[in-house]
Structure formats: structure tokens, C-alpha cells
Amino acid sequence: MGKTLIFGHKNPDTDSITSSLVMANLEKKLGNDVEACRLGNINKETEYVLNYLGVEAPKFIEDAEDKTEVILVDTANPDELIPNIENVVIKKIVDHHKLSMKTSYPLYYRAEPVGCTETIMYKLYKENGVEIDKTIAGLMLSAIISDTLLFKSPTCTEEDVKVATELAKIAEIDVDTYGMDMLKAGTDLSSFTIEEILNIDAKKIDLKDKKSIIAQVNTASIDEVLTMKADLEAAMEKSIEENGLDLFMFVITDIVESTSKAIVLGNAAHIAEKAYNEKIVDNIIELKGVVSRKKQIVPIMTENA
Ligand code: MN
Ligand code: MN
């Protein structure tokens, strides 16, 4: 048996990247032969985190050989994993999303409805009596800030806040200053092509029988992102055609004001009007106070599909 590979979802965010690193550290401390991996490019926010903490990114992989043993973090959805996920052996999953997979064998599965995988990882360190050092604390804290948008997302629980407060002490980090700098670093879109912007945090999600992509981007200025509206729409139309989609929703989230607007295209665009009781004007819908795809978009869009 080779090393056990640890990875999160495709289009990795700060939680998927740091959780693979943090899980790899825990497993190594417990005497297991593991390697942290990633299934995509490091985004700007995560790049800021890794540079700040002086940590190297996990190894990029596109696939894994059949029968390889793997540990999944921050996802339990086969659609956002390697193509042959059915043929590898999933030893463990630690996640905070809905369960979207089946295995034909028993495994360690730990999921809690908290705001971030790292909040669960913190508990796993405690349960195993493994020390959380300054760097590991910084990685965990960064992911909690990222997934909860500095505790402002409705996905954020009291437990996330409590764990983050503990971690900030160990990491010697001022949460508000560091958190805003980190989130702002993630809003720099200057080096991306239009296709890349749409793909930074895109998820394929079926809304009942409607084949959809719901992508999200964080910004400090929605208007600035909308200067690219025509190009974004053209690329979204192309993706709808190529992927046979019913809906492409591109959510632009203002991390300072905690609100969003979305560009909505496709024959199922009306679902958004029904879901939010708002008119789509010039392909744009207001999503007042919406920041969380998981809590404020996917369930309500599914319900109205
Ligand atoms: Mn994630
Ligand atoms: Mn997460």
C-alpha cells in the first residue's frame, strides 16, 4: 500500500486546502503514512494564507490509481472529486456538507453541521490528544474565517466562533485585521480570465431535474465585478450550451456589506425570481443579505425548481 492521499473538493477553497494539510499533520502524528493533496489551483485568498503562515501548498493531483486509500475533507460529493472516486478506498471523511455518496464498505465518517471543516478538525486534535501548534492554529483559523466570511455567514455557529477564538490565541493573530486582509486578498480578480473567474468557486448542482451551475465570487465592490458583465454573460452562455445546462447563476458577494447580486442565465432562470420574489432585470437579480450558497441559495432554489 502506498501513502494515503488526503484531499478536499475540486476548485479548492481555503477550507479544502488547509483541512488536507491539518488532517495530514494529525495522521502523521498518529503514525500514519499520508500525503496532503489538492484537486485544483490555489486561489488568491488561500495563497495569502499560505504565504502569511509560510506553509507550502499540498501536492496537485488529477486522479489516483484504483485501490489507492484516500481521506476526504470538506466534501462528501463524488461530483467534486477525482473521476475514479468509485474505485479508490475511502478510509475517512470529515465534512460539514450534506452526504452525497454511498460506499459498499464501512468507513470513518464524521460530519457536523458547523460552519467549517476545521472546527471539526480542532475537536479531532483534542480527542486524539495532539497538540495544535501555532501554524496549525493559523491554518484552521483561516479556514473558519473564510467559510463563515468572518462569522457573518448564517452557516456560522457558536461553536465556530468559540473554536476560532481559541485558535486566534494560539496563532497570535488579530482576527479582524487578518481576516479582512485575507478575504480582500481573495477578491483580487486582476490576473484571471473571464472563464477562470466563473470557475473560482463553481459548483455543479442539480436543482431537482434542472442541471445547474451556481458559481460565487467574493468582492469588495459588486459594481467593479459588473464592469465585466457582458463578457461574463457570453462565457456563461457558452457554458450553458456546452454543458447542456438549464441554469447558470453567478453570485457576486460583497464581503464588506454582506449582500449579493447574481447574474442569472438559462431556461430555468425564472426559478430565482420565484425563490427570492425579485424580478430579474437585465439578467441581474438582487439577493439582499445573501452570502451563503449552502444555506441561502441551494435549498431555496431547489424548493422552487
Ligand atoms: Mn469548501
Ligand atoms: Mn468548508
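Atoms within each ligand, like the ligands themselves, are counted from 1 in listed order. Nothing here was measured: the structure is a model prediction, and the numbers come from that model. Note that the numbering runs from 1 along the sequence shown for the chain.
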Cluster overlap Tyr109 with Val88, hydrophobic side-chain contacts below 4.5 Å: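 Linked, Tyr109 and Val88 end up in one cluster.
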Validation row: Tyr108, Ile93 side chains within 4.5 angstrom (heavy atoms): no
pair Ile90-Tyr105: side-chain heavy atoms closer than 4.5 Å: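 SC-SC contact between Ile90 and Tyr105 confirmed.
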Glu86, CD: over 12 other non-hydrogen atoms inside 6.0 angstrom: no
Asn283 CG: over 12 foreign heavy atoms closer than 6.0 Å: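 Result for CG/Asn283: enclosed.
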Distance check below 2.8 Å: does [X] bring an N, O or S atom to the Mn ion (ligand 2)?
X      : result
His96  : yes
Glu118 : no
Asp95  : no

Residue Asp15 atom name (nearest to the Mn ion (ligand 2); N/O/S): OD2
For the Mn ion (ligand 2): the N/O/S atom of Asp147 at shortest distance: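 Atom name returned: OD2.
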Distance under 6.0 Å and angle within 45° of ring axis: Lys44 vs Phe192: yes
Angle subtended at the Mn ion (ligand 1) by His9 NE2 and Asp13 OD2, rounded to 10 degrees: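 Taking the Mn ion (ligand 1) as the apex, I get 100° for this pair.
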Heteroatom of Asp74 nearest to the Mn ion (ligand 1) (N, O or S, atom name):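 Checking each N, O and S atom of Asp74, the shortest distance to the Mn ion (ligand 1) belongs to OD2.
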